[in-house]
Structure formats: structure tokens, C-alpha cells
Asker: 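One structure coming up, written as C-alpha cells, with questions to follow.
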Amino acid sequence: MSGTQSYVRSLERSHLSLTRPDRPSEFDLMGLRWDLLDEVFAPVFSPSTAVALELLGLADAGPGDWAGSFLEIGCGTGVIAVRGALAGCERVVAADVNPRAVENAALNAVRHGVGDRVRAVRSDLFSALQQERFDMVFWSSNYVRAPEDYTYRCMHERAYVDPGYRAHRRYLAEAPRRLAPGGRALLHFSSRGDLDELHGIARACGRELRVVRSVEVVEGEYGDDVVEHLLVEVLADGGDHG
């Protein structure tokens, strides 16, 4: 599939997920019930959230399996951030550029009893986070590349495509600087993205990428293509953490 076909299809999916009549206000995932607000990415229509939980080892993590601090970029409904807190993280920040997603993540944190440990903030990647550092930084990215000159028509599209990979460039450059000593910067990417270009961006930023884990998944709701999902670690050249 060409890049053009890929990004156009992703934008079509964004529109469908916003407007379909069976879009729920609540959904079930990993044995728990979650709130879903309008204008927020719907995990019920895409496998990516469940896949991210699996790649991170959060799908079956229990209390005490995790610890430390966790930053999720592009938190959407907050499922991953909340699961991190439920698994034992003492400090979790759920960040999203979409104000409705920030509200949604806060709702789900309260719903699952971790509102005291999950702070939802509106942030364009790291823009609102000052100098906070974390044991883990994670972004389940909008890995489909749109043309450099593409202009988003609504906030929801930001969850689906990244024009010119500008957001990816910023993430690769900055994520390692947001780590506490010994911390890890992780990225959820897929074969629907341009992995070669991602590696090129990493080299230009002085970063190295290492695939930690991968899984093949049938897309499901909007197609039968088999997509490889990757958990990629972003390594700073020379141990640069700031």
C-alpha cells in the first residue's frame, strides 16, 4: 500500500470512528469497564490499545508488578496510564494534546480508584511537562505518515496520522531527556508506518532504535490486513539523558 493510500485510509477511519451510530459512551477492555467521551480515540474500533498493553506487559500485570513513575504521551481514554497505576506505578502522568482526551483519562483514573496517582494534563508531547523525569516514557504513536503539508481538520485526526513525521522527530529527540537515571523511552510503532524513515530521523537526532518486542495482529474492524506492531526503545547516543 502506498503512503498516500495508507494515510487517506487512516483519515477515513478517524471520521468513521467519530460518526458511526454504534459509537459507545462506555466500553470493555481487559476485563474492565471504561468511559469514552466524544472526540476521543475509541479503543473499541482499533486493536492498537490492547496491543500496546500486551507489548508493555500490562495486559496481565497485577498490583505490584510495576513501580516508579510513568509518562504516557497521547493517552486518549487513559487506559494504558490507568493500567500502569493499577500495576503499581506511584506517579503517572497521562498527557494528550486533545482536551477531551485529558478529561477522559481523568474520568477513567477516578473510575478505577487511581485518581490520586494519575495526573491528566493537556500537553503537545512534552510542552506542558516542564522538567519532570520518569522511569518510563511511552507513546503509542500516530505512526501513519501524512504529507508534510497536510493540515488537520479536527483534533481527532491527530491520533491517526503525523504530517511529515514532525511529532515523531520531536519525540525521538526529547523522550530520552525526560528519563530518570536508568529509565526507558518506548514507542509503539507498526508496519503501517515508515520504519526506514523513522530510523533516519533517529540517526539525525543522535538516537538509536531497538525493537524490544513485536506482534502481528489482524486489523479487524476496518480491514483484514495483518499488521506488525512494534515496541521500540529509543536509546540516546552516548547515554544523553539531558
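All values below come from the heavy atoms of this structure, side chains included, with hydrogens, waters and symmetry mates left out.
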Asker: Any side-chain heavy atom of Arg23 sitting closer than 4.5 Å to one from Leu36?
Answerer: yes
Asker: Nearest 0.5 Å please: distance from the SG atom of Cys154 over to the NE2 atom of His15.
Answerer: 9.5 Å
Asker: What I'd like to find out is whether the side chain of Leu32 reaches to under 4.5 Å of the side chain of Leu86, using heavy atoms alone.
Answerer: yes
Asker: As an exercise, state the distance from CG of Leu125 to CZ of Arg178, rounded to the nearest 0.5 Å.
Answerer: 10.0 Å
Asker: List in chain and number order the residues that pass side-chain hydrogen bond (donor to acceptor under 3.5 Å, both in side chains) with Arg170, two or more places apart in sequence or in another chain; answer none if no residue qualifies.
Answerer: Asp124
Asker: Are any non-hydrogen side-chain atoms of Val114 and Val92 less than 4.5 angstrom apart?
Answerer: no
Asker: Quick check: are there more than 12 heavy atoms from other residues, nucleotides or ligands sitting under 6.0 Å from CD of Gln131?
Answerer: no
Asker: For residues Leu58 and Leu29: do they belong to one hydrophobic cluster (side chain heavy atoms under 4.5 Å, members Ile, Leu, Val, Met, Phe, Trp, Tyr)?
Answerer: yes
Asker: Would you sort out whether Glu103 and Arg100 count as a salt bridge (charged side-chain N to carboxylate O under 4.0 Å, His left out), showing the intermediate values?
Answerer: CA-CA 5 Å; Glu103 181 184 354; Arg100 290 291 277 170; 3.0 Å; yes
Asker: May I ask you to check whether Tyr152 and His156 place their ring centres under 6.0 Å from each other?
Answerer: no
Asker: Run His188 and Ser141 through side-chain hydrogen bond (donor to acceptor under 3.5 Å, both in side chains) and show every step you take.
Answerer: CA-CA 6 Å; His188 174 195; Ser141 79; over 6 Å; no
Asker: Does the pair Asp35/Arg111 count as a salt bridge with the N-to-O cut at 4.0 Å?
Answerer: yes
Asker: Do Leu231 and Val215 sit in one hydrophobic cluster, given that two such residues count as connected whenever their side-chain heavy atoms are within less than 4.5 Å of each other, even indirectly?
Answerer: yes
Asker: Let me see the working for Val232 and Leu186 under side chain to side chain contact (heavy atoms under 4.5 Å, CB included), right down to the final yes or no.
Answerer: CA-CA 6 Å; Val232 179; Leu186 300 171; over 6 Å; no
Asker: Do the side chains of Leu55 and His229 get nearer than 4.5 Å, heavy atoms only?
Answerer: yes
Asker: Between Arg192 and Ser10, is a side-chain hydrogen bond (donor to acceptor under 3.5 Å, both in side chains) present by the stated rule, with each step listed?
Answerer: CA-CA 10 Å; Arg192 291 195 65 224; Ser10 290; 3.1 Å; yes
Asker: Within 45° of the ring axis of Phe45 and under 6.0 Å from its six-membered ring centre, is that where the NZ or CZ of Arg20 lies?
Answerer: yes
Asker: Contact between Arg210 and Leu235 at the side-chain level, heavy atoms closer than 4.5 Å - yes or no?
Answerer: yes
Asker: Are any non-hydrogen side-chain atoms of Leu11 and Glu157 less than 4.5 angstrom apart?
Answerer: yes
Asker: Assess whether side chain to side chain contact (heavy atoms under 4.5 Å, CB included) is satisfied between Met155 and Val97, documenting all intermediate values.
Answerer: CA-CA 8 Å; Met155 189 65 72; Val97 70; 4.0 Å; yes
Asker: Charged N to carboxylate O under 4.0 angstrom, Glu197 versus Arg145?
Answerer: yes
Asker: May I ask you to say whether Arg83 pairs ionically with Asp60, meaning some side-chain N is under 4.0 Å from a carboxylate O?
Answerer: no
Asker: When you group the ILVMFWY residues by side-chain heavy-atom contacts below 4.5 Å and let the links chain together, are Val51 and Val44 in the same group?
Answerer: yes
Asker: Applying side chain to side chain contact (heavy atoms under 4.5 Å, CB included), can you list everything that pairs with Glu90, at least two apart in sequence or on another chain?
Answerer: Ala67
Asker: Counting only pairs under 3.5 Å, give me each side-chain donor-acceptor contact of residues 69-81, with atom names and distances, residues two or more places apart or in other chains.
Answerer:
from  : atom 1 : to     : atom 2 : distance (Å)
Ser69 : OG     : Asp135 : N      : 2.9
Ser69 : OG     : Asp135 : OD2    : 3.2
Glu72 : OE1    : Ala81  : N      : 3.1

Asker: Regarding Arg166 and Glu148, does a basic nitrogen lie under 4.0 Å from an acidic carboxylate oxygen?
Answerer: yes
Asker: When the aromatic ring centroids of Tyr160 and Phe41 are compared, is their separation below 6.0 Å?
Answerer: yes
Asker: Between atom OG of Ser190 and atom CG of Leu195, what is the distance when rounded to the nearest 0.5 Å?
Answerer: 9.5 Å
Asker: Heavy-atom distance under 4.5 Å between the side chains of Phe189 and Leu209, does that happen here?
Answerer: no
Asker: Would a single hydrophobic cluster contain both Leu56 and Val227, if residues Ile, Leu, Val, Met, Phe, Trp and Tyr are joined by side-chain heavy-atom contacts under 4.5 Å?
Answerer: no
Asker: Between Glu132 and Arg91, is there a side-chain N and carboxylate O pair less than 4.0 Å apart?
Answerer: yes
Asker: Do the ring centers of His168 and Tyr143 come within less than 6.0 Å of each other?
Answerer: no
Asker: In the structure I gave you, are the side-chain heavy atoms of Val217 and Val226 within less than 4.5 Å of one another anywhere?
Answerer: no
Asker: Are any of the side-chain nitrogens in Arg177 or Glu174 under 4.0 Å away from the carboxylate oxygens of its partner?
Answerer: no
